[in-house]
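This structure is in structure tokens; I'll ask about it shortly.
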There are 2 protein chains.
Amino acid sequence: MQKTVVEIEKASHVLKLLGDKTRLTIMAILKQRECCVCELLEVFDMSQPAISQHLRKLKDAGLVKEDKRGQWIYYSLNSQNELYDFIQDILQHIPDQTENIRKIEETNPTLRCGC
Amino acid sequence: MQKTVVEIEKASHVLKLLGDKTRLTIMAILKQRECCVCELLEVFDMSQPAISQHLRKLKDAGLVKEDKRGQWIYYSLNSQNELYDFIQDILQHIPDQTENIRKIEETNPTLRCGC
DNA sequence: TAAGTATATAACTACATACTTATATAAAAC
DNA sequence: GTTTTATATAAGTATGTAGTTATATACTTA
């Protein structure tokens, strides 16, 4: 398969974004499941604005996209990004995030009613 | 082919190192050709200590190895690193560095005699 | 052995960045 | 319409980082 060649400026920018443990984990989770901020909050020991700011950076770089549905904003990987296969080649080496997703689904923050 | 799964801590550390334009370019050059500091100096508009400090970080992370030969220390990619195939998967997307290598060979800093 | 060359280290500085708390915005539920 | 919930933005802070200059170390050559 032909690999996209990425400008060195763009590549280093993406790598810098993924070079943060929190953002890299967010990307690995979003690869498996779209999430809203309140769900990601269950995974990280960190304030809500901190998560929002990380997502902002990922969105500004086009790595994630958002989908506003009612009260929530769902984030997911942006497969339309020109660097998508570059990013996938990186993420394929990152450990499975099922355990973190379990944390989300255990609390299920988008289902407060408990029904 | 089986892809190495890399601990998130180690992966983010490597990605942070590659998230600097200078270091990413150094890695891409070293993929094509071993180099000493004085050769890399021809490529970057930056002081010798700056290059040395970047190489130090790459060496500390095990991404490059050094080979002292007389007056020079030749740096090259460390293929023994446990993350080598992760790094290769990244570097395959980085543009060819032949133009930068031409700059090195034009000046040929390791051949001052001119013979 | 003295001078030149290659590289590393130390100390410093300016800027970037990852958080924090406080507050604003917007939708949903009562 | 007031309260609650989800999210974003603003402002401030502490730390990290990439560069600089000055200097040390080590090898080479005259």
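Below, read A as the first sequence line, B as the second, and so on, with proteins coming before strands; counting in each chain starts at 1. Just so you know, these numbers use all the heavy atoms, side chains as well, and skip hydrogens, waters and symmetry mates.
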Report task. May I ask you to evaluate whether A:H54 reaches the phosphate of C:dT17, defined as a side-chain N or O under 4.0 Å from OP1 or OP2? Result -> no

Report task. Would you please test A:L83 and A:H13 for side-chain contact (heavy atoms from CB on, under 4.5 Å) and show each step? Result -> CA-CA 11 Å; A:L83 309 185; A:H13 181 223; over 6 Å; no

Query raised in the report: D:dT9 P sits how many Å from A:Q53 CD, rounded?
Result: 9 Å

Query raised in the report: Is the distance from OP1 or OP2 of C:dC19 to the nearest side-chain N or O of A:T22 less than 4.0 Å?
Result: yes

**Report entry** Partner nucleotide, any strand, of C:dA24 [Watson-Crick/G-U, under 3.5 Å]
**Finding:** D:dT7

Query - Protein-nucleotide distance (B:K68, atom NZ; D:dA26, atom P), rounded to Å - result: 7 Å

Query raised in the report: With distance as the sole test, does A:Q97 use its side chain to make a donor-acceptor pair with the main-chain N or O of A:P95 at under 3.5 Å?
Result: yes

Query raised in the report: Rounded to the Å, how far apart are A:Q48 CD and D:dA10 P?
Result: 14 Å

Report summary line: Ranking D:dT21, C:dA6, C:dT21 by distance to the side chain of B:W72, first place goes to C:dA6

Report task. Examine D:dA8: is either OP1 or OP2 under 4.0 Å from a nitrogen or oxygen in the side chain of A:Y75? Give yes or no. Result -> yes

Report task. Tell me which nucleotide among C:dT17, D:dA8, C:dA8 gets nearest to the side chain of A:K57. Result -> C:dT17

Query raised in the report: Would a distance-only check, ignoring hydrogens and angles, find a side-chain to backbone donor-acceptor pair under 3.5 Å from A:N100 to A:V43?
Result: no

Query raised in the report: In whole angstrom, what separates A:Q71's CD from C:dA27's C1'?
Result: 6 Å

**Report entry** B:E39 CD to B:I51 CD1 distance, which is reported to the nearest 0.5 Å
**Finding:** 12.0 Å

Query raised in the report: Which comes earlier along DNA chain D counting from the 5' end, the contact point of A:K16 or that of A:I73, where each point is its nearest nucleotide?
Result: A:I73

Query raised in the report: Where the side chain of A:S52 is defined as all heavy atoms beyond and including C-beta, which of C:dA10, D:dA10, D:dA8 is the nearest nucleotide?
Result: D:dA8

Query - Nearest-Å distance for atom pair CG/C1', residues A:L41 and C:dT20 - result: 14 Å

Report task. Can you tell me the distance, in whole Å, between the CZ atom of B:F44 and the C1' atom of D:dT20? Result -> 18 Å

Report task. Would you kindly compare A:P49 and A:G70 by the position of their nearest DNA chain C nucleotide and give the one closer to the 5′ end? Result -> A:P49

Query raised in the report: Are OP1 or OP2 of C:dA8 and a side-chain N or O of B:R56 less than 4.0 angstrom apart?
Result: no

Query raised in the report: Is any side-chain N of the basic residue among A:R33 and A:E105 closer than 4.0 Å to the acidic one's carboxylate O?
Result: yes

Query raised in the report: Expressed in angstrom and rounded to an integer, what is the separation of A:K21 atom NZ from D:dG16 atom C1'?
Result: 17 Å

Report summary line: B:R23 has its side chain closest, among C:dA8, D:dT20, D:dA18, to D:dA18

**Report entry** Atom-to-atom span, CG of B:D20 to P of C:dA16 - whole angstrom
**Finding:** 13 Å

